[in-house]
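Throughout, protein chains are lettered first and strands after them, A, B, ... in sequence-line order, and every chain is numbered starting at 1. Worth saying up front: this structure is predicted, and the values here are computed from it rather than measured.
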There are 2 protein chains.
Amino acid sequence: MAKAKVPAADQTLAMLSHLAHQRGPVPAATIAAALELPRSTVYHLLAVMQERGFVVHLPEERRYGLGVAAFELSSGFSRQQPLARLGGPLVAGLVDRLGESGHLAVLHGRDVLYLVEERAPRRPSLVTDVGVRLPAYLTATGRAMLAALPPAQLRALYPDRAAFAWRGDPDAAGEWRASRLKQLLHEVRETGWAAEAGEVTPGLASVGVAVLDHVGWPAAAIAVTYPDDSPRTLPAAEIAGAVRAAADELGRRIGAARGC
Amino acid sequence: MAKAKVPAADQTLAMLSHLAHQRGPVPAATIAAALELPRSTVYHLLAVMQERGFVVHLPEERRYGLGVAAFELSSGFSRQQPLARLGGPLVAGLVDRLGESGHLAVLHGRDVLYLVEERAPRRPSLVTDVGVRLPAYLTATGRAMLAALPPAQLRALYPDRAAFAWRGDPDAAGEWRASRLKQLLHEVRETGWAAEAGEVTPGLASVGVAVLDHVGWPAAAIAVTYPDDSPRTLPAAEIAGAVRAAADELGRRIGAARGC
DNA sequence: GGCATCCGTCTGCGATCCCAGACGAAGCGC
DNA sequence: GCGCTTCGTCTGGGATCGCAGACGGATGCC
């Protein structure tokens, strides 16, 4: 990355992103080490972020965590972002009709990022919680979107086996290779929907369909998640039909939102 | 506020907060005007925030909006913040048992900020969506927390009639005064729960109970929202009992999380 | 209790950033 | 098509920030 023109701003944002990816509050020294910033710089920036409510200092633990102002950015984003604003009610309706949990995600590099989650009654909160990232190739929503990408774009995302690593862990890819993914996505294109069973959460299966924008690009995907051994579960194809209807409707609505 | 030691960082955060409070993407010039920043400074900072994904530029509309990096801060916050992490499953359980929507909020100045929302099936998404702020004195969660504050703290929050204004609108207070609020909160303390019917959303009522930490401070509140004219609605006192059980349990769990 | 380590604050000067304002491009109204 | 307004980029010098490193306090271990 070219050297930022406003290093203090860039460092501030890097620190916020770093904090967002930690499991809990962290000591200031680990922020300095991780981002290779001078300690005094980190303390100065933390002071400014505290003042604005983006960061909280926990003196008893001598750690820093994200504050309420950071949290509030998400409602601003969701309010402004047509996919989240328009998709929320559609996912809610789907969940009400099917009685299973649903979510909406977007592709972000090789990850999916969940923008909307609606939990069905008596179902657990899912690992696919709002704001969470997961590898696209492992999830129903991610597979649905990857299947809708042009071949060149897909090759760019997954040039080699290293692309299947997760969080720097080279063993995370297991047996995944570009050829296996290509075969899987071919099947997704044939059936029109993506599935995943037990790969994200053991015992749960998901069915996802891409939301295509007016030029056919996968702007998002919608999925429903259900216990994969429940006797009351609908056939996957029937669930996929309902998901497709919601995805197509969202595609129409985001087209209208853009005034085309 | 004393002049910030790192103005670029401070300006960046001010711009993010400003964007979070807009209804949609905005032109750069309005950011400069609202925050009284030089236009070239605003463009430089927007460029840095774009690079880091916190902001997106919409060239066709010549506007700027929040980006996914901003959105992701919320999941970091929710993961790290014990109230959200521990409260989510409790609110989910409450919603499953009662069949009505529920949420968890914290007091932030004179506002409540919603950290968790669980929608019951076939119920609308509420105005109390995650990340939203509302005036505390108008909401069940807010009233529950205000009732648990020491009198001096309450007077500090509502010193005069102007304190009831909302978003700078002096007419928003209607007939609210400190004395009326005090009377209302007295009733809340007597019943042990706060109510609100139609004041936040016409046709919907809420019942809220404060979550007290180990020193008796209202760390949060939990509320359930239901149609206030439904023949199938439980009596408010029964709902309040269930909400109280969840609030007390959360109070115990956050005490344990702090190791006391 | 002493020692080592880490935290958070402070200093000052060389490096560089911030901002006023100019400029060309784009968009809009007539 | 023209004129006006707004957008986005660019420049340079005075103002001021960033950072290396010192320091005192806090914490934990022996």
* **Per Ser40(A) side chain, nearest of listed nucleotides dG8(C), dC17(D), dA20(D)** => dA20(D)
* To do: Starting from P on dC17(D), measure out to CG on Asp10(B) and report it in whole angstrom.
  => 11 Å
* Asked: Can you check side-chain contact (heavy atoms from CB on, under 4.5 Å) on His18(B) and Gln22(B), steps first, answer last?
  -> CA-CA 7 Å; His18(B) 177 77; Gln22(B) 305 312 300; 3.3 Å; yes
* Please tell me which of the listed nucleotides, dA20(D), dA26(D), dG8(D), lies nearest to the side chain of Arg62(A)? => dA26(D)
* **Integer-rounded Å distance: dC6(C) P and Leu46(A) CG** => 18 Å
* Rounded distance (nearest 0.5 Å) linking atom CG of Asp111(A) with atom CZ of Arg133(A) -> 5.0 Å
* Asked: Between Leu45(B) (CG) and dC17(C) (P), how many Å, whole number?
  -> 12 Å
* Asked: How are the rings of Phe77(A) and Phe71(B) set relative to one another: parallel (under 30°), tilted (30 to 60°) or perpendicular (over 60°)?
  -> tilted
* Asked: Base, sugar-phosphate, or nothing: which does Gln11(B) touch, judged by heavy atoms less than 4.0 Å apart?
  -> sugar-phosphate
* **Distance in Å, His103(A) NE2 paired with Leu94(A) CG, rounded so as to fall on 0.5 Å steps** => 10.5 Å
* **Nearest-nucleotide pick for Tyr43(B), side chain only, options being dC18(C), dG8(D), dG8(C)** => dG8(D)
* Of the nucleotides dC7(C), dC7(D), dA20(D), which one has an atom closest to the side chain of Pro27(A)? -> dC7(C)
* Atom-pair distance (NE2 on His57(B); P on dA26(C)), nearest Å -> 13 Å
* To do: Take atom CD of Glu61(B) and atom P of dC7(D), then tell me their distance rounded to the nearest Å.
  => 14 Å
* Asked: Just checking Glu60(B): base, sugar-phosphate only, or nothing, at a heavy-atom cut-off of under 4.0 Å?
  -> nothing
* Is it true that atom CD of Glu36(A) has more than 12 heavy atoms of other residues, nucleotides or ligands lying nearer than 6.0 Å? -> no
* **Between P of dA20(D) and CD of Glu36(A), the distance in whole Å** => 12 Å
* Counting just side-chain N and O atoms, does Thr41(B) come under 4.0 Å of either OP1 or OP2 of dC18(C)? -> no
* State which of dC7(C), dA20(C), dG8(C) makes the closest approach to the side chain of Ala29(A). => dC7(C)
* Asked: Just how far, in rounded Å, is C1' of dG18(D) from CG of Leu37(A)?
  -> 11 Å
* Asked: Atom CG of Leu58(B) to atom P of dG8(D): distance rounded to whole Å?
  -> 10 Å
* Structure fact -> Note: for Arg39(B) and His44(B) on DNA chain C, the residue whose nearest nucleotide lies more 5' is His44(B)
